Amino acid sequence: MVRDESGGTGPEPREARGAEEGSGARRDAGPGSGGGRIGRLLRRPATAVTAALVALASAGTGTWAAGVGPFAPDRYCWGAWEQNSGPQLLGGREVLTPGSERTAKESAAPSPDRPRGTCTLTVTPGEDARGTDKDVTVAYGPVPEGREKRLEWLGEWLDASLVPLPDGVAGLVGQGKGMAVLPEECDVDGRPTAVTITAGWDRIGDERDVADLLLAVAGEGMRRTGCASGEPMRVTSPVPEADTTPSPSSVGPTATCRIPGLAFEPAKGTHYDETVGAVTGDLHLCTLFDTSNIRRPVFAGQFAMVAQPRLRALFHGLAGSRTPGGGWRGKGWLDGSRNVLETSCGDTSTVFLLQLDTYLHDVARPGTEQAFARAVNSVAGRIGCPAPAPRR
């Protein structure tokens, strides 16, 4: 287990020493690099090597099984990730060439007094390998408090290109990023705590790898902050493959996001596409993109319907306490390009969100508020709920 020597308060990332020194950045050097515990051991005189091997062998299950000593696997990100533990990112193939290595820069570990932290794992290619460093960053902590920052966060992580985690685990994953929401016991000031993971390049691994990496950090963070209770968050069912292909020229006057009534009239020559994600009884996700530069699509908006309890908690405090206006059922606000409604549906509540960039706001038909109302009523009807918005 990684020992945190930062005192739990240091905000700056730290590059730690080798694993035999006990903390910080963990380094897993490739063969022929001359680094790592085994490399250092083999550079010792033969008698010293023999004595060390005899001592380890005589320890039996003591030294090796306890995960300590010169042959213990390297661990990263406060001990949550262990080399060769399953995900491709942590496997031996990533550091096969001479000079290749894994290192991690960690903030102070999450704690009861400071329930947040970040860690970046870097895989450096070997001397003869092509390519650049691969960075993966994981963050643990409560979702943003302010409205603007929260909406920006939701735009990033309620991403329709991601697939929902199975087995009742609240979260979404793809091959390049993912997010998991922790149980209510881990809430901070009424806001849920989440774990997010992003890559500095296109791919971390398959969806299963991303789920395993996320939940390992979730479990370690919960243990360190003291909010772990009951069974750990775990996914045992297959994780579906994410579909990241936008639907060309799909933002238009009929059924944008597969929702009758959500209509736009973009001018000829503009390029706005959509990615439709999960469409279920408790989730409907759609992300809109400005694809003027097809190689670098830009987030242009999203529609979301969320009834799954822990994902719905991500909206806590956003809807306010008042009705959006005459004829609306529930609480929320209509603010031009950003609209939120929380309403009842049977014995549960459901949240609807529509946020748009300036251009899509201007070309929504017959207007943003009316388009939102029609979309809300359409999706509510699909899941068997009474219409929450006035019919216009």
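Everything quoted here is computed from the prediction, not taken from an experiment.
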Main-chain N/O of [Y] paired with [X] side-chain donor or acceptor, under 3.5 Å:
X: R312; Y: V306; answer: no
X: S111; Y: R114; answer: yes
X: T256; Y: L262; answer: yes
X: T291; Y: N293; answer: no
X: T368; Y: H361; answer: yes
X: R191; Y: V143; answer: yes
X: R102; Y: L89; answer: yes
X: R374; Y: P260; answer: no
X: E106; Y: C119; answer: no
X: R310; Y: A180; answer: no

Report, as yes or no, whether the 6.0 Å neighbourhood of atom CD on E152 holds more than 12 heavy atoms from other residues, nucleotides or ligands. no

If you count heavy atoms of other groups shown closer than 6.0 angstrom to CG of D202, is the number above 12? no

Apply side-chain hydrogen bond (donor to acceptor under 3.5 Å, both in side chains) to the pair R329 and S344, showing each step before the final yes or no. CA-CA 8 Å; R329 183 173 59 82; S344 61; 3.1 Å; yes

Decide yes or no on side chain to side chain contact (heavy atoms under 4.5 Å, CB included) for T348 and D282, but give the supporting numbers first. CA-CA 10 Å; T348 187; D282 60 7; over 6 Å; no

Taking the side chain as every heavy atom from C-beta outward, state whether [X] and [Y] have any pair of such atoms under 4.5 Å apart.
X: D290; Y: Y359; value: no
X: V138; Y: L213; value: no
X: T358; Y: S337; value: no
X: E207; Y: P240; value: no
X: D159; Y: L172; value: no
X: P297; Y: D273; value: no
X: E342; Y: F315; value: no
X: L356; Y: F264; value: yes

Side-chain heavy atoms under 4.5 angstrom apart, residues restricted to Ile, Leu, Val, Met, Phe, Trp, Tyr: same cluster for L354 and L285? no

In this structure, would V173 and M233 fall into the same cluster of hydrophobic residues linked by side-chain contacts under 4.5 Å? yes

Nearest heavy atoms of [X] and [Y], plus distance in Å:
X: A387; Y: N377; answer: CB-OD1, 3.3 Å
X: L353; Y: F372; answer: C-CE1, 4.1 Å
X: P266; Y: G252; answer: CD-CA, 4.4 Å
X: Q88; Y: R203; answer: OE1-NH1, 3.6 Å
X: V217; Y: W78; answer: CG1-CZ3, 4.0 Å
X: R365; Y: D362; answer: NH1-O, 3.1 Å

Does the cation-pi check pass for R147 over W333, that is, NZ or CZ under 6.0 Å from the six-membered ring centre and within 45° of its axis? yes

Between R223 and E220, does at least one N-O distance fall below 4.0 Å, as a salt bridge requires? yes

For the pair V136 and W201, evaluate side chain to side chain contact (heavy atoms under 4.5 Å, CB included) and give the outcome as yes or no after the intermediate values. CA-CA 8 Å; V136 174; W201 75 106; 3.5 Å; yes

Is there a donor in the side chain of D167 and an acceptor in the side chain of S237, or the other way round, less than 3.5 Å apart? yes

Only one of L341, T350, V376 clears side-chain contact (heavy atoms from CB on, under 4.5 Å) with M305; which? T350

With I197 as partner, the option from I204, T137, L121 fulfilling side-chain contact (heavy atoms from CB on, under 4.5 Å) is I204

F303 vs F352 aromatic rings, parallel, tilted or perpendicular, using cut-offs 30° and 60°? tilted

Given M222 and S229, is the side chain to side chain contact (heavy atoms under 4.5 Å, CB included) satisfied, shown in steps? CA-CA 9 Å; M222 292 168 67; S229 62; over 6 Å; no

Qualifying disulfide bond (SG atoms under 2.5 Å apart) pairs with a residue from residues 263-312, counting only residues at least two apart or across chains: C257-C286

Begin with the C-alpha distance, continue with both residues' side-chain angles, and end with the deciding distance and a verdict on side chain to side chain contact (heavy atoms under 4.5 Å, CB included) for Y76 and L90. CA-CA 10 Å; Y76 316 91; L90 304 176; 4.2 Å; yes

